[in-house]
Protein chains: 2
Amino acid sequence: MTIALETLKALPLFSDISGDDGAMLIRNSRIISCKRGKFLFMHGDKITHFYVICRGAMQIFRETPGGHEITNDILIAGDSLNTEEVVGSQTVHAVNARAVEDSSLLAIPVSWMRENLKEFDHIAGKLLQNLADRLHSVQVEAEQLTTMSAAQMVACYLQKLCVLYDFDPHGFELPYTKTLIASRLRIEKETFSRTLQTLRDQGITVTGTHVSFKDMRKADNFSCGECSVAEECGTHRLFYEKLDKLSVHGT
Amino acid sequence: MTIALETLKALPLFSDISGDDGAMLIRNSRIISCKRGKFLFMHGDKITHFYVICRGAMQIFRETPGGHEITNDILIAGDSLNTEEVVGSQTVHAVNARAVEDSSLLAIPVSWMRENLKEFDHIAGKLLQNLADRLHSVQVEAEQLTTMSAAQMVACYLQKLCVLYDFDPHGFELPYTKTLIASRLRIEKETFSRTLQTLRDQGITVTGTHVSFKDMRKADNFSCGECSVAEECGTHRLFYEKLDKLSVHGT
DNA sequence: CGATCGTTTGATCCGCATCAAGATAGGTGG
DNA sequence: CCACCTATCTTGATGCGGATCAAACGATCG
């Protein structure tokens with residue numbers, strides 16, 4: 001499939017790529033599609049391409065010997081898939097990547113990427129920044145795993161989803177199954193389910209796949225006001241800015 | 001304090017820096033010392049420098065509102081301190097850095113670093129690789145937090161120390177206090193202490209600060225043989241290569 | 001309409017945190 | 001050299017959060 005320059009420029013990573021560089025990139029890459037449930041690559045596969053998601057969502061996970069799935073991340077349109085692996089010294093994939101929904105991805109050969117990284121100096125800068133940001137969020141998440149309760153993590157994640165997808169805080173649908181979200185949060189689906197009950201008192205109501213927030217900042221005895229770790233990830237600030245913006249415009 | 005080019009070249013990050021670049025870097029940076037227990041910077045401080053450890057060790061940690069210390073990492077000579085922050089968009093430190101022992105560090109102004117990153121293209125490459133590797137290890141550690149028992153994590157960490165410091169597996173002294181190690185592993189010191197007892201059956205004996213390993217690969221019912229996550233970090237392979245090398249050279 | 005997948009609810013258990021005391025060791029001053 | 005102090009480590013008792021196992025429930029689909 002041939003790629004439009006528009007498609008390329010729609011991706012944050014290549015948003016300000018020059019015409020020449022873009023043309024060269026287009027010649028060396030292609031768009032592939034990955035149906036819901038299909039694997040893009042599996043743990044142990046040889047690393048052949050660097051991927052950027054154009055549409056859809058991918059689950060990055062590992063499988064324990066016991067057959068348990070550990071979800072490391074859920075990536076969406078605009079995200080790059082395996083920057084660490086392209087940059088790092090690995091030759092085989094350390095994780096599995098599977099489509100959460102029908103997806104399409106830009107696939108760039110790793111060899112080409114490694115050879116030409118220097119030419120695209122602004123790209124290298126973006127990758128650097130991207131890695132730095134991801135490192136930061138993974139560190140924050142690791143910290144949350146040990147300092148926050150399951151309920152707090154779920155609450156934070158729901159806010160994060162709301163910001164990330166630009167959903168209306170007063171009502172939106174979960175973009176993934178609850179099982180997947182639980183796995184992403186490294187808790188069991190049973191725990192997740194029970195947690196949702198207790199969140200009702202905190203102004204977060206989930207029925208079926210429908211989520212709605214109430215602004216509880218005044219009566220805030222729960223939430224993560226106590227928890228500097230949660231502040232650190234920046235989601236809280238963004239979330240409340242969102243709430244404020246809405247209340248100004250009415251509703 | 002003026003810096004010798006030798007000092008610079010001893011750091012992995014600058015090992016293959018050119019004479020000119022080195023001279024320029026020396027003009028713009030300085031060596032500072034940080035006594036045991038002293039803070040290099042604190043959470044909330046403005047980010048002024050990029051640091052590389054020349055000697056000693058630094059604890060990177062955050063403090064919970066409850067006063068509990070969460071150790072994110074313990075960095076040693078050769079490690080860079082705040083790459084993410086220099087590269088990323090932050091303006092204030094998100095964590096505390098405190099000297100575990102008397103240390104000296106190379107301090108490079110952030111502004112200078114940001115301006116000149118492009119000139120040092122091989123440096124940018126190293127930073128990129130460094131970030132990728134760290135991202136990978138933090139992800140693996142996050143995974144271990146939820147899949148491995150405290151005993152398994154301690155065992156892994158002791159092996160890691162052994163490889164990192166090039167200690168003799170048959171007997172070495174812990175480089176940090178047990179309290180610090182426990183904090184680094186995100187477990188309580190009490191749990192750490194109890195864990196050491198149970199590890200005795202697994203061929204790992206710790207008395208006081210003295211550690212010694214027995215090669216249990218044949219009778220290996222415990223360890224992390226079960227756990228692909230542990231394999232992933234590469235420490236196991238390195239550790240056993242070390243054991244094998246020793247046994248070839250006699251004992 | 002059965003079959004499969006996702007979700008909820010209940011009962012139970014285990015690992016680790018927490019609280020509370022001792023124990024050990026280094027370091028200091030008398 | 002001993003008494004004292006403080007920092008670090010160990011040991012014991014207890015409780016809670018979340019994992020695990022089991023089963024019912026709801027929804028979607030061929």
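FYI, side chains are in, hydrogens and waters are out, and symmetry mates aren't considered; it's all heavy atoms of this structure. Naming: A, B, ... by sequence-line order, numbering from 1 per chain. Remember, predicted model here, so these are calculated numbers, not experimental data.
The CD atom of B/Q152 sits 9 Å away from the P atom of C/dC16 (whole-angstrom rounding). Atom C1' of nucleotide C/dT7 and atom NE2 of A/H210 are separated by 18 Å, given to the nearest angstrom. The interatomic distance linking B/L174 (CG) with C/dA25 (C1') rounds to 16 Å, in whole Å. Per the geometry, CG belonging to B/L196 stands 16 Å off C1' belonging to C/dT24, to the nearest Å. Protein atom CZ of A/F192 is 14 Å distant from nucleotide atom P of C/dG6, rounded to whole Å.
Remark: A/K178 is in phosphate contact with C/dT8, judged by side-chain N or O atoms under 4.0 Å from OP1 or OP2. For the OP1/OP2 pair of D/dA7 and a distance below 4.0 Å, the side-chain nitrogens and oxygens of B/T179 include no atom meeting the criterion. Checking the phosphate oxygens (OP1, OP2) of C/dT8, no side-chain nitrogen or oxygen of A/Q197 falls inside 4.0 Å.
For residues 66-76 of chain A, the set of pairs meeting the salt bridge (Lys or Arg N to Asp or Glu O under 4.0 Å) definition, not counting sequence neighbours, comprises A/E69-A/R98, A/D73-A/R184. Among residues at least two apart or in separate chains, salt bridge (Lys or Arg N to Asp or Glu O under 4.0 Å) pairs with a member in residues 31-40 of chain B are B/K35-B/D102. Within the structure, the salt bridge (Lys or Arg N to Asp or Glu O under 4.0 Å) test picks out the following pairs touching residues 156-165 of chain B (sequence neighbours left out): B/E141-B/K160.
Side chains of A/H93 and A/E85 form a contact here, defined as non-hydrogen atoms less than 4.5 Å apart.
Legend: residues meeting ring-ring contact (aromatic ring centres under 6.0 Å, His included) with A/Y157, ordered by chain and number and at least two apart, are absent. The ring-ring contact (aromatic ring centres under 6.0 Å, His included) search around A/Y176 returns none, not counting sequence neighbours. The side chain to side chain donor-acceptor pair (under 3.5 Å) check on B/E173 picks up B/T209, B/H210, with sequence neighbours excluded. Not a single ring-ring contact (aromatic ring centres under 6.0 Å, His included) links A/F50 to another residue, sequence neighbours left out. By the side chain to side chain donor-acceptor pair (under 3.5 Å) test, A/D244 is found to be paired with A/R217, residues two or more places apart in sequence or in another chain being considered. Scored by the side chain to side chain contact (heavy atoms under 4.5 Å, CB included) test, A/N72 finds A/I60, A/V95, A/R186, B/E143 as partners (sequence neighbours excluded).
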Base contacts versus sugar-phosphate-only contacts with protein, heavy atoms under 4.0 Å: please encode nucleotides 25-30 of chain D as B, S and - from 5' to 3'. ------

Summarise protein proximity over nucleotides 14-24 of chain D in one line of letters, 5' to 3': B for base, S for sugar-phosphate only, - for none, counting protein heavy atoms closer than 4.0 Å. ----SSBBB--

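By the neighbour-count criterion of 12 heavy atoms within 6.0 Å, atom NZ of B/K242 is densely surrounded, having more than that number from other residues, nucleotides or ligands.
Between the axis at the start and the axis at the end of the helix from C/dC1-D/dG30 to C/dA21-D/dT10 there is an angle of 30°, using five pairs per end and rounding to 10 degrees.
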